[in-house]
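Computed from a predicted model, the values in this text were never measured in an experiment. Every chain is numbered from 1 and lettered A, B, ... according to where its sequence line falls, protein lines coming before strand lines. Hydrogens, waters and symmetry mates are skipped; everything else that's a heavy atom, side chains included, is used.
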Amino acid sequence: DAKTTQPPSMDCAEGRAANLPCNHSTISGNEYVYWYRQIHSQGPQYIIHGLKNNETNEMASLIITEDRKSSTLILPHATLRDTAVYYCIVRVTGTASKLTFGTGTRLQVTL
Amino acid sequence: GAVVSQHPSRVICKSGTSVKIECRSLDFQATTMFWYRQFPKQSLMLMATSNEGSKATYEQGVEKDKFLINHASLTLSTLTVTSAHPEDSSFYICSAWDTSINEQFFGPGTRLTVL
């Protein structure tokens, strides 16, 4: 699986949009971009994934650049409960392949 | 999404004893499950891949005789930490692959403390 690079930490004011970047310059054509988050002392939670088109669900939006070398996870209206470590992972979908977690971005949402 | 449970959520044991952790997929069948370990302030590290009805595949550096994995049914995988020592104290997390939608879901984790 391709490696990813994320900033170690970010702050965001409650109610504002949180934009979390991820670089994946060595991504292959058949690899998807996945985002998970881990709230303290819990298991990771799936957020969203995409191949090349922008994606949106009830939790977040995913913006993938045209060259697919980077992406941004957007939490449109961050709340205190969104404080967590966010992991960007690239992998081939459709197979039971292992997930390789990097160090992620620790997002702190503040009042 | 699909639900994965782990039991127990917390366990404290004495050094030298063995501890079994269960991972269950509650509303789907999982032919493949994964076991991760996470030390404080670190990321998740994959320990092994568990396939129903066959031997687990361990990552490099993980002792297969110390971390016994059994995946005897499509909804249950177990991890047994044998002869546990304080350095085995960690947060153990499993995940299960839902073949019906080709996605992976995580359990809530088990915190093991070895005294």
task: Give, as side chain, backbone, both or neither, the part of A:Gln38 having an atom under 4.5 angstrom from any heavy atom of chain B.
output: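 Answer is side chain: those atoms of A:Gln38 sit under 4.5 Å from chain B.
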field: Portion of A:His40 that has a non-hydrogen atom of chain B nearer than 4.5 angstrom
entry: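 Contact with chain B is absent: no heavy atom of A:His40 under 4.5 Å.
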Shared hydrophobic cluster, [X] / [Y] (ILVMFWY, side-chain heavy atoms < 4.5 Å):
X: A:Leu73; Y: A:Ile63; answer: no
X: A:Ile64; Y: A:Trp35; answer: yes
X: B:Phe106; Y: A:Val85; answer: yes
X: A:Tyr86; Y: A:Ile48; answer: yes
X: A:Leu111; Y: A:Leu75; answer: yes

Quick one: pull up [atom1] in [X] and [atom2] in [Y] and give me the separation to the nearest 0.5 Å.
X: B:Trp97; Y: A:Lys98; atom1: CH2; atom2: NZ; answer: 14.5 Å
X: A:Tyr36; Y: B:Gln104; atom1: OH; atom2: CD; answer: 5.5 Å
X: A:Leu99; Y: B:Leu46; atom1: CG; atom2: CG; answer: 8.5 Å

query: Quick one: are A:Tyr87 and B:Leu44 in side-chain contact, heavy atoms under 4.5 Å?
result: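 The answer is yes; the side chains approach within 4.5 Å.
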- prompt: Does atom NZ of B:Lys66 have more than 12 heavy-atom neighbours from other groups under 6.0 Å away?
  reply: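 Atom NZ in B:Lys66 is crowded, with more than 12 foreign heavy atoms closer than 6.0 Å.
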- prompt: Looking only at heavy atoms, what is the nearest atom pair of A:Phe101 and B:Ser43, with distance?
  reply: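 Looking at all heavy atoms of both residues, the closest pair is CB-OG, 3.3 Å.
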- prompt: For B:Glu59, is it the side chain, the backbone, both or neither that has a heavy atom under 4.5 Å from a heavy atom of chain A?
  reply: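 Side chain only.
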